[in-house]
Q: 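There's a structure below that I have some questions on.
Worth knowing before you read on, the calculation uses all heavy atoms, side chains too, and leaves out hydrogens, waters and symmetry mates.
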Number of protein chains: 4
Amino acid sequence: MNFANNQAIYLQIAEEICSYILLKKWAQEERIPSIRELSVQLEVNPNTILRSFDTLQNEGIIYNKRGIGYFVSADGMEKAKIYLKQKFTDEDMPQFFKRMNLLSIPFNELETYYKKFINKNKN
Amino acid sequence: MNFANNQAIYLQIAEEICSYILLKKWAQEERIPSIRELSVQLEVNPNTILRSFDTLQNEGIIYNKRGIGYFVSADGMEKAKIYLKQKFTDEDMPQFFKRMNLLSIPFNELETYYKKFINKNKN
Amino acid sequence: MNFANNQAIYLQIAEEICSYILLKKWAQEERIPSIRELSVQLEVNPNTILRSFDTLQNEGIIYNKRGIGYFVSADGMEKAKIYLKQKFTDEDMPQFFKRMNLLSIPFNELETYYKKFINKNKN
Amino acid sequence: MNFANNQAIYLQIAEEICSYILLKKWAQEERIPSIRELSVQLEVNPNTILRSFDTLQNEGIIYNKRGIGYFVSADGMEKAKIYLKQKFTDEDMPQFFKRMNLLSIPFNELETYYKKFINKNKN
DNA sequence: GTGGTCTAGACCACC
DNA sequence: GTGGTCTAGACCACA
């Protein structure tokens, strides 16, 4: 039994940053908070934030200006979406479908729930 | 940012027990491990286990024989399924659908992924 | 005046590993020494070696088997060559050409030296 | 693995001084900074600077006036160029060509890179 | 044993 | 101020 979320903190933070970009809380070409700011705010070690940034930089989602800070790439939103979608299909979906099978929920039934969800949130 | 799973531990354990019942690791009318056993195994305070058992007993999934232990109800499997399904539709599904919307994944696409999942796990 | 090589240690190590692969000291699909072994041998912190390995893994030059170690990729030699060549053309060549200009060495003259070098090392 | 530049510090400084002369930062017959000044500026022991000056004096690149200081020779620029060129052809070139061979870069290709370099820096 | 993660803290270069 | 590098050492999961 694992009570804590088993995913590495730096990956959780990376995903969170992507979500922020997708939600347009940080626009493209905009500077994101510094490593030190985030490390204080999220109460983690600066090195952990750096690792998140490194990961996102490798994905081309953010880039870096020496001595200034990190910025969302010009195509950061698109790339953030690709990054998150990959994680979603590879990790969340299989777990979700597994649960459906355990609970004998047929795929048809899922659509019903989906329509309800859409109706409730369409406003 | 929440690094730890935000759900109460005793509820996590309750769900886990239901899963075990559904997977037939503990048959109906079978005695389940004692509070002490589980508290040692899961490295949790015995009171936490007791709360899980209370919750499941209220749902009619397990019952208690004084001085002997807890047992899976005669209709425990069915009730465990209902219990888990409720959690699944109320908590997991909305979160899942929300993510789909954020990532602009149409419902049609989900079916494709579902079929892939089924094919991979049908053996 | 910088007396020490200004390139980061973990990048120097990454290049050194690539050279080893190109020189076939570590064959493709072969396991390379563990992080701990190299950290002792090279007298650097294990984290520094890990960073070198991370870099090379991102380049697809090496890959990892959990709990076993790092291995040279099937196409590791080719990718190591590409990696080193990029570094060579981007960093070493400009510096080399700059020196040629400072010393007023025309390109023709370089060819003479090159032929001498080849003759001396062709055996 | 050598993390530090393997060349003796006093030789590195000697080369640096030659570069300065070639770049006309110190003109011929001009006095160059005192041993004490340089030792402070470069954070090096005065004896190390003295050894650099000795080396350059032996090459006839600089000369000494008792009680006054060191001066660039009348033909210092030419001799500095010869000194640096010798180092360049004897030490840098072989290493450079060796790398070219390791990376299977033919000499023709080098010319392409050279032209690009010239074009970029011709302004 | 292996690698993976995280913390604490230091020093550096660049702006 | 910013990020970049490196060390020391801890704890974890996996095999």
Q: Does NZ or CZ of A:Lys65 come closer than 6.0 Å to the centre of the six-membered ring of A:Tyr70, within 45° of the ring's axis?
A: no

Q: Please give, in whole Å, the distance from E:dG4 C1' to C:Ile49 CD1?
A: 16 Å

Q: Can a side-chain donor-acceptor contact be found between D:Glu15 and D:Tyr10 if the only test is distance below 3.5 angstrom?
A: no

Q: I need the CD1-P distance between C:Ile32 and E:dT2, as an integer number of Å.
A: 13 Å

Q: In whole Å, I'd like the distance from the NZ atom of C:Lys65 to the C1' atom of F:dA15.
A: 13 Å

Q: For a quick test of reading the model, state the closest non-hydrogen atom pair linking A:Lys81 to B:Ser104 and the distance between them.
A: NZ-OG, 2.7 Å

Q: Provide the closest heavy-atom pair for C:Glu29 versus C:Phe71 in the form atom of the first, atom of the second, distance.
A: O-CD2, 3.7 Å

Q: Remember a base hit wins even if backbone is also touched, and classify A:Tyr70 as base, sugar-phosphate or nothing at under 4.0 Å, heavy atoms.
A: sugar-phosphate

Q: Using a 4.0 Å heavy-atom cut-off to protein, can you give one letter per nucleotide of nucleotides 6-15 of chain E, 5' to 3': B if the base is in contact, S if only the sugar-phosphate is, - if neither?
A: BBBB----SS

Q: If you draw a 6.0 Å radius around CD in B:Glu37, do more than 12 non-hydrogen atoms from other residues or ligands fall strictly inside?
A: yes

Q: In which stems does DNA chain F show up, taking only runs of three or more Watson-Crick or G-U wobble pairs whose two distances fall under 3.5 Å?
A: E:1-14 with F:1-14

Q: Less than 4.5 Å apart, side chain to side chain, heavy atoms only: is that true for D:Ser19 and C:Leu102?
A: yes

Q: May I ask you to check whether A:Glu78 and A:Tyr83 show a side-chain donor-acceptor distance below 3.5 Å?
A: no

Q: From CG of C:Asp54 over to P of E:dG3, roughly how many Å is that when rounded to an integer?
A: 12 Å

Q: Between F:dG4 and A:Asn64, is there an OP1 or OP2 to side-chain N/O distance shorter than 4.0 Å?
A: yes

Q: When you compare the side chain of B:Leu110 with that of B:Phe96, does any pair of heavy atoms fall below 4.5 Å?
A: yes

